[in-house]
*Asks:* 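Before we start, here is the structure in question, set down as structure tokens.
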Amino acid sequence: HLVEDFPRRHLADKTADSGSTECAALPAAHLRGNADSIAVTKSRSHRAYGGFSMGALSTWFQLAYGINAVKYYIPLSGDVWIYDENKQKLPLDEAAKWLNAQIEKSEFKNDFQVFGYSGTKDIAGNPEKTLMKGLHDNAPLFRYDTTIASGTPTKDANLRFSMKQNGEHYYGDINQYLYYALPLLF
């Protein structure tokens with residue numbers, strides 16, 4: 001079951017010991033004066049990439065082509081568009097296989113996290129949900145977290161997806177998506 005209740009439990013788990021969200025200032029000193037590709041790769045766990053709508057599309061492509069620079073991905077209300085040689089958009093289950101094949105080429109193929117969010121009334125909600133199902137069913141590098149559906153934590157999960165009840169393709173809902181996602185990252 002891929003649609004979860006909006007993840008209030010995750011936020012509570014992450015902040016229970018500190019009493020606050022701990023994603024404030026991440027030091028960038030490790031990059032000052034040394035922003036070469038080696039430094040970027042070594043510090044990838046300090047970066048997240050996300051976007052809303054078309055920005056979600058760029059998030060999927062960052063994962064496909066730039067996994068060496070970023071560990072955490074937050075696609076909000078958007079799927080990935082992959083076209084064949086005839087300029088026909090691939091079905092999302094095929095796009096999931098393509099994405100898996102791209103990531104398979106990387107030394108970080110087992111070291112990334114995806115936190116997808118959308119709304120039940122969002123025009124991009126069902127396409128993103130379909131992509132998440134395709135990743136779960138057809139892309140072995142993506143290990144979907146079924147904790148909420150099953151009650152048992154999924155070992156080594158790196159794919160999470162939630163749909164906000166009545167959430168729409170609207171900037172106001174993004175604030176809530178990020179409120180729940182950001183504490184899970186750092």
Side-chain angles (χ1 to χ4, degrees), residues 1-4 6-7 37 40-41 44-45 47-146 149 154 156-164 166-178 180-182 184-185:
H1 183 348
L2 279 173
V3 179
E4 302 175 358
F6 212 62
S37 62
V40 169
T41 299
R44 66 185 286 279
S45 64
R47 274 186 294 288
Y49 189 105
F52 171 71
S53 193
M54 292 301 290
L57 178 63
S58 73
T59 302
W60 292 113
F61 279 101
Q62 177 66 37
L63 176 59
Y65 293 112
I67 193 172
N68 63 314
V70 179
K71 180 174 181 173
Y72 302 100
Y73 300 87
I74 313 170
L76 306 174
S77 299
D79 61 335
V80 64
W81 301 353
I82 307 300
Y83 292 85
D84 66 17
E85 61 278 350
N86 298 317
K87 300 180 183 174
Q88 298 298 310
K89 186 178 176 193
L90 294 179
L92 290 171
D93 59 333
E94 292 298 316
K97 292 175 189 175
W98 174 88
L99 192 54
N100 192 82
Q102 292 301 117
I103 296 168
E104 183 69 44
K105 301 171 189 174
S106 171
E107 66 182 282
F108 299 106
K109 65 184 176 186
N110 293 309
D111 188 28
F112 67 95
Q113 299 283 323
V114 177
F115 300 86
Y117 295 88
S118 195
T120 58
K121 292 185 176 180
D122 189 323
I123 59 170
N126 281 332
E128 188 172 16
K129 177 182 169 186
T130 302
L131 174 62
M132 293 295 184
K133 181 169 178 9
L135 291 169
H136 175 64
D137 294 343
N138 302 303
L141 293 176
F142 290 85
R143 297 169 307 278
Y144 186 73
D145 186 353
T146 58
T154 304
D156 300 325
N158 65 356
L159 177 65
R160 293 157 187 86
F161 180 63
S162 293
M163 293 187 82
K164 179 184 175 196
N166 297 317
E168 298 179 3
H169 205 75
Y170 164 66
Y171 287 107
D173 288 323
I174 295 172
N175 295 331
Q176 288 186 345
Y177 302 157
L178 292 174
Y180 294 115
L182 290 176
L184 302 173
L185 302 183

*Asks:* Answer yes when R143 and D156 have at least one side-chain N-carboxylate O distance shorter than 4.0 Å, and no when they do not.
*Replies:*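 Between D156 and R143 there is no salt bridge, as every charged N stays at least 4.0 Å from the carboxylate O atoms.
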
*Asks:* Closer than 3.5 angstrom, by distance alone: can the side chain of R160 be matched with the main-chain N or O of G116 as a donor-acceptor pair?
*Replies:*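 Not a single qualifying donor-acceptor pair exists.
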
*Asks:* Which residue pairs pass the ring pair (Phe, Tyr, Trp, His ring centres under 6.0 Å) test when at least one of the two sits in residues 88-113, sequence neighbours left out?
*Replies:*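 Ring pair (Phe, Tyr, Trp, His ring centres under 6.0 Å) check on residues 88-113 returns F61-W98, Y65-W98, F112-F142.
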
*Asks:* Mind running side chain to side chain contact (heavy atoms under 4.5 Å, CB included) on Q62 and T59 for me, showing each step along the way?
*Replies:* CA-CA 5 Å; Q62 177 66 37; T59 302; 5.6 Å; no

*Asks:* Compare all side-chain heavy atoms of D84 with those of L90 and state whether any distance is below 4.5 angstrom.
*Replies:*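 Side-chain contact under 4.5 Å: yes.
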
*Asks:* For D93, which residues count as a salt bridge (Lys or Arg N to Asp or Glu O under 4.0 Å) partner, sequence neighbours excluded?
*Replies:*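 Per chain and number, D93 pairs via salt bridge (Lys or Arg N to Asp or Glu O under 4.0 Å) with no residue.
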
*Asks:* Measuring from atom CE of M132 to atom CG of L92, what distance do you get when rounded to the nearest 0.5 angstrom?
*Replies:*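 It is 11.0 Å, given to the nearest 0.5 Å.
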
*Asks:* How would you list, by chain and number, every residue that makes a side chain to side chain donor-acceptor pair (under 3.5 Å) with S53, sequence neighbours excluded?
*Replies:*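 Once residues adjacent in sequence are excluded, the partners of S53 under the side chain to side chain donor-acceptor pair (under 3.5 Å) criterion are H169.
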
*Asks:* Could you measure the distance from the OH atom of Y49 to the OG atom of S58? Nearest 0.5 Å is fine.
*Replies:*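 Answer for the OH-OG pair, Y49 versus S58, is 3.0 Å.
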
*Asks:* CG of D79 to CG of L99: how many Å apart, nearest 0.5 Å?
*Replies:*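 Going from CG on D79 over to CG on L99, the span is 11.5 Å.
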
*Asks:* So do the side chains of E94 and I82 get within less than 4.5 Å of each other, counting heavy atoms only?
*Replies:*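 Counting from C-beta outward, E94 and I82 never come under 4.5 Å.
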
*Asks:* Any side-chain heavy atom of N158 within less than 4.5 Å of one from V114?
*Replies:*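 No, their side chains stay 4.5 Å or more apart.
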
*Asks:* Taking the side chain as every heavy atom from C-beta outward, state whether K164 and D173 have any atom pair closer than 4.5 Å.
*Replies:*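 In contact.
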
*Asks:* Testing the basics here: between Y117 and E128, what is the closest heavy-atom pair and its distance to 0.1 Å?
*Replies:*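 It is O-OE1, 3.0 Å.
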
*Asks:* Could you check if a side-chain atom of N100 sits within less than 4.5 angstrom of a side-chain atom of N138, using non-hydrogen atoms only?
*Replies:*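 A side-chain contact is absent here, since even the closest heavy-atom pair is not under 4.5 Å.
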
*Asks:* Can you name the side-chain contact (heavy atoms from CB on, under 4.5 Å) partners of N166, sequence neighbours left out?
*Replies:*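 Checked N166 against side-chain contact (heavy atoms from CB on, under 4.5 Å); matches are T120, K121.
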
*Asks:* What pair of heavy atoms forms the shortest contact from W60 to G78, and how long is it?
*Replies:*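 Smallest heavy-atom distance, with atoms named: NE1-O, 3.1 Å.
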
*Asks:* For K109, which residues count as a side chain to side chain donor-acceptor pair (under 3.5 Å) partner, sequence neighbours excluded?
*Replies:*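 K109 satisfies side chain to side chain donor-acceptor pair (under 3.5 Å) with E104 only.
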
*Asks:* For Y171, does the OH atom have more than 12 heavy-atom neighbours from other residues, nucleotides or ligands under 6.0 Å away?
*Replies:*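 Open.
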
*Asks:* Show the atom names and distances, to 0.1 Å, of all donor-acceptor pairs under 3.5 Å that link a side chain in residues 68-77 to residues at least two apart or in another chain.
*Replies:*
{"residue": "K71", "atom": "NZ", "partner": "D111", "partner atom": "OD1", "Å": "3.1"}
{"residue": "Y72", "atom": "OH", "partner": "L185", "partner atom": "O", "Å": "3.0"}
{"residue": "Y73", "atom": "OH", "partner": "V70", "partner atom": "O", "Å": "2.6"}
{"residue": "S77", "atom": "OG", "partner": "S118", "partner atom": "OG", "Å": "3.3"}
{"residue": "S77", "atom": "OG", "partner": "D122", "partner atom": "OD2", "Å": "2.5"}

*Asks:* Hey, are the side chains of I67 and Q102 touching, using non-hydrogen atoms and a 4.5 Å cut-off?
*Replies:*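 Of all side-chain heavy-atom pairs linking Q102 with I67, none is under 4.5 Å.
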
*Asks:* What distance separates W81 CH2 from L131 CG, expressed to the nearest 0.5 Å?
*Replies:*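 That separation rounds to 13.0 Å.
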
*Asks:* Taking the side chain as C-beta and beyond, is there a heavy-atom pair between F161 and Y144 under 4.5 Å?
*Replies:*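 Side chain of F161 against side chain of Y144, heavy atoms only: contact under 4.5 Å found.
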
*Asks:* Determine, step by step, whether L159 and D145 satisfy the side chain to side chain contact (heavy atoms under 4.5 Å, CB included) criterion, reporting the C-alpha distance in whole Å, the side-chain angles of both residues, the deciding distance to 0.1 Å, and the verdict.
*Replies:* CA-CA 6 Å; L159 177 65; D145 186 353; over 6 Å; no

